[in-house]
K.L.:
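Have a look at this one before I ask anything.
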Amino acid sequence: MEQFYQILAWVSVFLYWLLIAGITIRVVFKRRVVGVSLAWLMIIYIIPVGGIIAYLLFGELNLGKKRAKRALDMFSPYADWFQRLNDCPEHQPQLMSQYARPICDLCENRLGIPSLVGNSLSLQDSPQTILKSIIEDIKQAQLSIHLEFYIWHPGGLADEVGVALIDAAKRGVRIKLLLDSAGSMRFFRSHWPRLMRHAGIEVTEALAVTPFRMFLRRLDLRQHRKIVVIDNEIAYTGSMNLVDPRFFKTDAGVGEWVDVMVRLTGPTVTVLNSIQAWDWEVETGMRDLPPMPSCNVNHPDEHSDTVQVIPSGPGMPDEIIHQVLLLSIYQALESVVITTPYFVPSENLLHALRGAALRGINVSLIIPDKNDSTMVEWASRSFFAELLSAGVKIYRFHGGLLHTKSVVIDDNHCLIGTVNLDMRSLWLNFEVTLAVDSAEFTQQLSWLQKEYIKNSTLVDWREWEKRSVQHKLAEQFFYMFSPLL
C-alpha cells in the first residue's frame, strides 16, 4: 500500500510538472510584453496550483466565445460605416495641426475612424455641473438617449439622473442603458433597474459576473467607457462615472473624487454613438447603428477644431491608445502635462516620459496624494526615482482623489477620456479617448491642470531619496506585480 502511495505521489508530481511546463510554454508563446510574462511566471512558480488557476482565469484576454464571434461578425459592417465618414465634408485632414496629423493617420489606418471638424466642445470640471448638465439635456431629449458607464452608484444627483431618465421614457424617448456588471453592482442590487425597466428603459448588464462565467471568459475584463448620447446631437465623455462624489466611497479616506467630462455637439457625437452601438451589440446582439453625421460643414476655415475618437478594447486593434499616447509624447517640443489617478506605466511609456524630460521637455505628472488602491499606490511610487532623476516633475494632489485622465502637449493638443495610465486600461478594458486638436479647448484643459498643481505638493527628489527602507521594499514588492495592475 505504501508503494502505491509513493507511485501516486510521483505521478502527481509529474503531472503537475507537465502542467507547469505547458502553462510556461503558453505564456512564452503569447509574445506579450516581457514584464507581463515574467510577472505571470513568477506567480505560477511561487504559488502552487493557485498560480495556475489565476492564470487560467485572468492571464489571457478572453472575451468569451459568443462575444468574440459576435464582435468578429460585426467588424465588416462597422468598418463600412466608419469608411463612409471619409466622404463627409467634416473630414478635413488638410486642417490638422502638426500634432494631430500623425495621430489621425495612425487611427485611420488601424481603426478606420477618421477625424472630423465642426465640433463644439465644452469642458465641465465640477461633478455637480456635469450631472446637472446631463439632467437638463435629458429633459430636453426628444428621440433617444444612449448611456454607458463603468459605475452607476445610487445617491444624490445620480438619483436625479435616474428620475429624469424615467420621465423621458414616459414621454416616449427610447433609452438604452449599458452598465458594467462589476462596477455597477450596487446599482443592479438596488430598486433602480426594476423602476427603469417598468418605465420602458432598456437596461443591460455588461460582462456579467457570475461563478459560471469564470470558465467562459476573463472576469477582470471590464467595460470602462463613459458615454452619453442624446438625440444623436449631444454627447458626453470623460473620466466621470455616474456617481455623486458626496455619496460615493465616502469611507475610503481619499476625499471626494475629482473628475471632468467633455460635452460635445457636432459630427463627433455620431461617432461616439457608434461606439456605444458597438458595445450594445456585443452584449445584446442587437444592431442599432446611428445615421451618418448631417455633414453641414461646407466652408471650414483654418481655425476649425478636429476631434479624433479612439476606442480600444477586445475586438479592436491592440494597444491603439497606448500607441497614440507614446506618439503624442514623442512629438512634444515644449511640455507634457499628465493627470491620472492610477499610474503604473508600461516600460515604453516610462522610457518616453524619461526621454522627453532628458531632452529638455517640461514633463509634469499630477497624481492623487492618496489612492483608493493600495497596490497601485505602492507600485506607482516604485517609478518615482527613475522619473525624478530624469527631471520629471511629480505633483501629488491634495483636493481629493484626482480621477481626471488628461494629457496636454505643448498647450496645443490634448488627449482626454477614460484611460488610466496602467496596464489594465492600456491593454485590457474597453476604453475611449478623444484626441482634440483645438487650441482654445486645450488651453481650458491646461488651465484646469494648473489649478490642480496649485492644490498639489511637488515631490522633492532629495527628500524622496531619504524615504525608509521599509517603503523601498514595499515599492519593489508591488513593482513586481505592476505589469498585471
Side-chain angles (χ1 to χ4, degrees), residues 30-37 61 63 71 75 78-79 82-83 85 93 96-116 221 224-225 237 239 268 271-272 275 278 306-333 336-340 342-357 359 361 363 365 383 405-410 412-437 442 482-485:
K30 279 292 179 179
R31 290 184 61 84
R32 290 171 294 194
V33 177
V34 174
V36 175
S37 298
L61 186 53
L63 183 59
F75 185 80
Y78 277 81
F82 291 134
Q83 179 63 35
L85 293 173
M96 300 177 193
S97 71
Q98 61 177 342
Y99 300 95
R101 188 57 183 266
I103 291 173
C104 294
D105 287 345
L106 172 65
C107 292
E108 191 163 352
N109 289 333
R110 296 207 66 203
L111 287 167
I113 302 177
S115 58
L116 300 173
L221 171 63
H224 199 243
R225 292 198 255 262
T237 192
S239 67
T268 296
V271 183
L272 284 171
I275 302 304
W278 169 282
T306 302
V307 178
Q308 174 73 57
V309 177
I310 314 167
S312 68
M316 296 179 178
D318 294 339
E319 61 176 292
I320 179 64
I321 294 180
H322 185 234
Q323 291 181 339
V324 168
L325 180 60
L326 293 174
L327 179 56
S328 298
I329 294 171
Y330 285 130
Q331 288 188 105
L333 300 175
V336 176
V337 185
I338 297 173
T339 67
T340 182
Y342 310 113
F343 180 72
V344 187
S346 67
E347 188 173 332
N348 288 335
L349 179 55
L350 182 66
H351 289 168
L353 292 172
R354 294 186 75 248
R359 71 175 192 265
I361 305 300
V363 180
L365 175 65
F383 298 98
K405 305 104 167 30
S406 66
V407 181
V408 171
I409 306 295
D410 294 347
N412 283 308
H413 182 80
C414 66
L415 306 175
I416 187 167
T418 70
V419 178
N420 300 310
L421 296 193
D422 59 18
M423 307 294 267
R424 185 169 301 280
S425 273
L426 294 173
W427 268 274
L428 182 61
N429 290 336
F430 292 92
E431 307 279 1
V432 65
T433 285
L434 303 181
V436 182
D437 189 29
T442 304
S482 62
L484 309 179
L485 295 177

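Values below: all heavy atoms of this structure, side chains included; hydrogens, waters and symmetry mates excluded.
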K.L.:
How would you list all residue pairs meeting salt bridge (Lys or Arg N to Asp or Glu O under 4.0 Å) that involve residues 320-331, not counting sequence neighbours?
P.N.:
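Non-adjacent pairs meeting salt bridge (Lys or Arg N to Asp or Glu O under 4.0 Å): zero.
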
K.L.:
Tell me if a side-chain donor or acceptor on Asn109 pairs with a main-chain N or O of Asp105 at a distance below 3.5 Å.
P.N.:
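Pair found, side chain donor or acceptor close to backbone of Asp105.
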
K.L.:
Testing the basics here: between Tyr330 and Asn348, what is the closest heavy-atom pair and its distance to 0.1 Å?
P.N.:
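Looks like OH-O, 4.3 Å.
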
K.L.:
Find the distance between CD1 (Ile275) and CZ (Phe430) and round it off to the nearest 0.5 Å.
P.N.:
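Atom-to-atom, Ile275:CD1 and Phe430:CZ are 11.5 Å apart.
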
K.L.:
Checking Ser328 now: which residues fulfil side chain to side chain donor-acceptor pair (under 3.5 Å) with it, not counting sequence neighbours?
P.N.:
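For Ser328, no residue satisfies side chain to side chain donor-acceptor pair (under 3.5 Å) once neighbours in sequence are set aside.
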
K.L.:
Return the set of residues passing side chain to side chain contact (heavy atoms under 4.5 Å, CB included) with Ala332 (not counting sequence neighbours), or none when no residue passes.
P.N.:
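Side chain to side chain contact (heavy atoms under 4.5 Å, CB included) list for Ala332, sorted by chain: Val336, Arg359, Ile361, Ile409, Asp410.
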
K.L.:
With the side chain counted from C-beta on, respond yes when Phe343 and Ile338 share a heavy-atom pair under 4.5 Å apart, and no when they do not.
P.N.:
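Contact flag for Phe343/Ile338 side chains = no.
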
K.L.:
Show the numbers, then the answer: is there a side-chain contact (heavy atoms from CB on, under 4.5 Å) between Val419 and Val432?
P.N.:
CA-CA 7 Å; Val419 178; Val432 65; over 6 Å; no

K.L.:
What closest approach, in Å, do Ser239 and Lys405 show between heavy atoms, and which atom pair accounts for it?
P.N.:
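Distance-wise, the nearest heavy atoms are CB-CD, 3.3 Å.
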
K.L.:
Please report the closest heavy-atom contact between Ala352 and Leu326, naming both atoms and the distance.
P.N.:
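So the two residues come closest at CB-CD2, 3.8 Å.
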
K.L.:
Could you grab the distance from atom CG of Leu333 to atom CD of Gln98, nearest 0.5 Å is fine?
P.N.:
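So the gap between those two atoms works out to 6.0 Å.
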
K.L.:
Any side-chain donor paired with an acceptor under 3.5 Å for His413 and Thr442?
P.N.:
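Per modelled atom types, His413 and Thr442 side chains form no pair under 3.5 Å.
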
K.L.:
Which heavy atom of Val363 sits nearest a heavy atom of Ala357, and at what distance?
P.N.:
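What the structure gives for the nearest pair is CG2-N, 3.7 Å.
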
K.L.:
Report the C-alpha distance between Thr433 and Ile416 in whole Å, list the side-chain angles of each, state the deciding distance to 0.1 Å, and finish with yes or no for side-chain contact (heavy atoms from CB on, under 4.5 Å).
P.N.:
CA-CA 6 Å; Thr433 285; Ile416 187 167; over 6 Å; no

K.L.:
Kindly write out the residues that satisfy side chain to side chain donor-acceptor pair (under 3.5 Å) with His224, not counting sequence neighbours, or none if the list is empty.
P.N.:
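His224 satisfies side chain to side chain donor-acceptor pair (under 3.5 Å) with Lys226, Glu431 only.
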
K.L.:
Ile310 and Leu434: side-chain contact (heavy atoms from CB on, under 4.5 Å), yes or no, with the steps?
P.N.:
CA-CA 6 Å; Ile310 314 167; Leu434 303 181; over 6 Å; no

K.L.:
According to salt bridge (Lys or Arg N to Asp or Glu O under 4.0 Å), who are the partners of Arg354, at least two apart in sequence or on a separate chain?
P.N.:
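Here no residue qualifies.
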
K.L.:
Pair Ser312, Glu319 - check side-chain contact (heavy atoms from CB on, under 4.5 Å), show working.
P.N.:
CA-CA 7 Å; Ser312 68; Glu319 61 176 292; over 6 Å; no

K.L.:
To the nearest 0.5 angstrom, please state how far the SG atom of Cys104 sits from the CG atom of Asp437.
P.N.:
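Nearest 0.5 Å value for the SG-CG distance: 7.0 Å.
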
K.L.:
Can you confirm whether Leu325 sits close enough to Leu421 that some side-chain heavy atom of one is under 4.5 Å from a side-chain heavy atom of the other?
P.N.:
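Yes - at least one pair of side-chain heavy atoms lies under 4.5 Å apart.
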
K.L.:
Which heavy atom of Gln308 sits nearest to which heavy atom of Pro114, and what is that distance?
P.N.:
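Heavy atoms only, the tightest pair is OE1-C, 3.7 Å.
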
K.L.:
Rounded to the nearest 0.5 Å, how far apart are CG of Leu415 and CD1 of Ile329?
P.N.:
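Reported value, rounded in 0.5 Å steps: 9.0 Å.
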
K.L.:
Can you sort out the partners of Thr268 under side chain to side chain contact (heavy atoms under 4.5 Å, CB included), two or more places apart, ordered by chain and number?
P.N.:
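Once residues adjacent in sequence are excluded, the partners of Thr268 under the side chain to side chain contact (heavy atoms under 4.5 Å, CB included) criterion are Leu116, Asn119, Leu264, Val307, Val309.
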
K.L.:
Do Val337 and Val407 make a side-chain contact, defined as non-hydrogen atoms from C-beta onward lying under 4.5 Å apart?
P.N.:
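Not touching, per the 4.5 Å side-chain cut-off.
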
K.L.:
Considering all heavy atoms of both residues, which atom of Pro311 and which atom of Ile320 are nearest to each other, and what is their separation?
P.N.:
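Closest approach of Pro311 to Ile320, heavy atoms only: O-CG2, 3.4 Å.
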
K.L.:
List in chain and number order the residues that pass side chain to side chain donor-acceptor pair (under 3.5 Å) with Arg110, two or more places apart in sequence or in another chain; answer none if no residue qualifies.
P.N.:
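Here the qualifying residues are Gln323.
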
K.L.:
Restricting to ring pair (Phe, Tyr, Trp, His ring centres under 6.0 Å), what partner residues turn up for Tyr78, sequence neighbours left out?
P.N.:
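By the ring pair (Phe, Tyr, Trp, His ring centres under 6.0 Å) rule, Tyr78 matches Trp278.
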
K.L.:
Only counting residues at least two apart or in another chain, list the ones meeting side chain to side chain donor-acceptor pair (under 3.5 Å) with Ser406.
P.N.:
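Ser406 satisfies side chain to side chain donor-acceptor pair (under 3.5 Å) with Thr339, Gln449 once adjacent residues are dropped.
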
